[in-house]
Amino acid sequence: LVDYEGKLTCTLFMAGCNFRCPFCHNASLVLQDYSINPIPFEEILSYLKNAKGKLEAVCISGGEPTLMRDLKEKIRPIKDLGYLIKIDTNGTNPELLKELYQEKLLDYVALDVKNCEEAYPETIGHNYQPFANIQKSIAFLMNSGIEYEFRTTLVQEFHSRKKIDALGKMIKGAKKLYLQKFVDTGSTIKKGLNPIPLEEAKEYQKILEKYIQKVELRGY
């Protein structure tokens with residue numbers, strides 16, 4: 001009920017990512033090689049056929065699902081079963097998001113806006129510069145009419161009031177942003193990171209409400 005708000009949802013996780021966010025809570029999906037023994041797609045499809053009438057939506061998460069070369073081919077038979085489709089993405093593949101939407105294979109997108117532009121390299125864990133594509137994905141979601149949400153996981157070591165204000169300006173006019181509490185699962189890429197305290201998160205929320213229609217805390 002969380003991955004696709006208000007819908008009973010099955011979440012599928014794709015291994016592999018083009019980011020190395022130090023606070024990633026799915027670090028094993030990013031760092032380990034799952035290509036040797038993946039869950040067969042036929043098994044997933046069989047499960048979804050049997051669950052029809054109970055489940056309403058399928059969320060494809062990761063890792064970064066837009067790296068999957070046959071993502072469209074895998075979504076299509078799931079969509080044909082009548083499921084709503086949501087994708088969790090870092091926004092680095094705007095063209096694929098557009099294609100999925102145009103081909104009616106996408107109903108909801110959650111895009112992780114990691115930080116303001118200046119702080120992106122340190123926040124995603126390397127000097128890969130995907131920001132132009134992320135800006136395209138943000139603009140597409142805000143102007144396409146598709147249902148979407150932006151999400152930012154708050155970490156003491158990476159976020160500040162100044163950075164949050166710059167982030168708000170970057171997505172000014174957006175419908176919805178969730179500020180997520182960082183949880184140290186013990187398996188993050190970098191150890192010793194800390195969450196933003198509740199009162200400070202509320203301050204960030206007030207800053208962002210100047211720019212964004214709806215700003216909510218998640219996990220606090």
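Quantities reported herein were computed from a predicted structural model and do not represent experimental measurements.
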Is there a path of hydrophobic side-chain contacts, each under 4.5 Å between heavy atoms, that joins Leu12 and Leu8?
yes
Does the Lys163 side chain pair with the main chain of Asn115, one donor and one acceptor, at a distance under 3.5 Å?
no
Distance check, rounded to the nearest 0.5 Å: Arg151 atom CZ versus Thr89 atom OG1?
9.5 Å
Please tell me if the side chains of Pro197 and Gln156 come closer than 4.5 Å, counting only heavy atoms from C-beta onward.
yes
If you draw a 6.0 Å radius around NZ in Lys52, do more than 12 non-hydrogen atoms from other residues or ligands fall strictly inside?
yes
Can you tell me if NZ on Lys191 sees more than 12 non-hydrogen neighbours from other groups inside 6.0 Å?
yes
Would a single hydrophobic cluster contain both Leu198 and Phe158, if residues Ile, Leu, Val, Met, Phe, Trp and Tyr are joined by side-chain heavy-atom contacts under 4.5 Å?
no
Over 60° means perpendicular and under 30° means parallel, so tell me whether His126 and Phe19 are parallel, tilted or perpendicular.
perpendicular
Would you say the side-chain atoms of Glu56 pair up with the backbone N or O of Leu84, donor to acceptor, closer than 3.5 Å?
no
Give the intermediate values and the outcome of salt bridge (Lys or Arg N to Asp or Glu O under 4.0 Å) for residues Arg76 and Glu103.
CA-CA 9 Å; Arg76 193 165 276 112; Glu103 295 180 31; 2.7 Å; yes
Dump the intermediate steps for salt bridge (Lys or Arg N to Asp or Glu O under 4.0 Å) on Glu199 and Lys202, then the final yes or no.
CA-CA 5 Å; Glu199 290 308 311; Lys202 287 180 177 178; 3.8 Å; yes
Judged by atom type as modelled, is there a donor-acceptor pair below 3.5 Å linking the side chain of Tyr120 to the main-chain atoms of Lys114?
yes
Any side-chain heavy atom of Lys98 within less than 4.5 Å of one from Lys136?
no
For the residue pair Pro22 and Ile124, what are the closest heavy atoms and their distance?
CD-C, 4.4 Å
All heavy atoms of Gly62 vs all of Phe13, minimum pair found to be O-CD2, 3.9 Å
Would Met14 end up clustered with Leu45 when hydrophobic side chains under 4.5 Å apart are linked, directly or stepwise?
yes
Counting N and O atoms only, with roles assigned by atom type, does the side chain of Asn133 sit under 3.5 Å from a partner on the main chain of Asn93, one being a donor and the other an acceptor?
no
Rounding to 0.5 Å, atoms CZ (Arg20) and CD1 (Ile189) come to a distance of 6.5 Å
Do the non-hydrogen side-chain atoms of Tyr220 and Ile196 ever get within less than 4.5 Å of each other?
yes
Within the 4.5 Å heavy-atom criterion, are Thr188 and Lys190 side-chain neighbours or not?
no
Side chain proximity check, Leu111 to Phe150, heavy atoms < 4.5 angstrom
yes
Note, Cys17 side chain near Asn90 side chain (heavy atom, < 4.5 Å):
yes
Roughly how far apart are Phe41 CZ and Glu73 CD, rounded to 0.5 Å?
10.0 Å
I need the minimum non-hydrogen distance between Pro121 and Asn127, along with the two atoms involved.
CB-OD1, 3.9 Å
Let me check something: do Leu96 and Tyr108 share a hydrophobic cluster, defined by ILVMFWY side-chain heavy atoms less than 4.5 Å apart, either directly or through other members?
no
Side chains of Tyr83 and Lys7: closer than 4.5 Å at any heavy-atom pair?
no
May I have the step-by-step check of side chain to side chain contact (heavy atoms under 4.5 Å, CB included) for Lys86 and Thr11, ending in yes or no?
CA-CA 9 Å; Lys86 172 181 177 258; Thr11 301; over 6 Å; no
Do Tyr148 and Leu97 make a side-chain contact, defined as non-hydrogen atoms from C-beta onward lying under 4.5 Å apart?
no
Please report the closest heavy-atom contact between Ala166 and Cys116, naming both atoms and the distance.
CB-CB, 3.6 Å
Quick check for you: to the nearest 0.5 Å, what is the distance between His25 atom NE2 and Thr153 atom OG1?
7.5 Å
Got a sec: does the CG of Leu81 have more than 12 other heavy atoms crowding it under 6.0 Å?
yes
Where is the tightest heavy-atom contact between Ile146 and Ser144, given as atom of each residue plus distance?
CG2-OG, 2.9 Å
From Arg218, Lys214, Lys176, residue fulfilling side chain to side chain donor-acceptor pair (under 3.5 Å) relative to Glu149:
Arg218
Quick one: do the Gln180 and Thr152 side chains pair a donor with an acceptor below 3.5 Å?
no
Short side-chain donor-acceptor distance under 3.5 Å, Thr92 and Asn18:
yes
For the backbone of Ile207 and the side chain of Asp165, can you confirm whether one donor and one acceptor N or O come within less than 3.5 Å of each other?
no
Nearest heavy atoms of Ile87 and Pro65, plus distance in Å:
CG2-CG, 3.9 Å
Short side-chain to backbone donor-acceptor contact, Asp3 and Leu1, under 3.5 Å
no
Test side chain to side chain contact (heavy atoms under 4.5 Å, CB included) applied to Phe131 and Met170, step by step:
CA-CA 11 Å; Phe131 203 76; Met170 187 175 80; 3.1 Å; yes
CG (Leu193) and CZ (Phe182) are apart, to the nearest 0.5 Å, by 5.0 Å
Hydrophobic cluster membership, with links at side-chain heavy-atom distances under 4.5 Å among I/L/V/M/F/W/Y: are Ile85 and Tyr47 in one?
yes
Look only at the side chain of Lys169 and the backbone of Ile164, and say whether a donor-acceptor pair between them is shorter than 3.5 Å.
no
So if I apply the side chain to side chain contact (heavy atoms under 4.5 Å, CB included) rule between Val109 and each of Leu100, Asp88, Leu141, which one comes out positive?
Leu141
Just by distance, with hydrogens left out, do Glu200 and Tyr204 show a side-chain donor and acceptor under 3.5 Å apart?
yes
To the nearest 0.5 Å, atom CG of Leu154 lies from atom CG of Asn194 at 13.0 Å
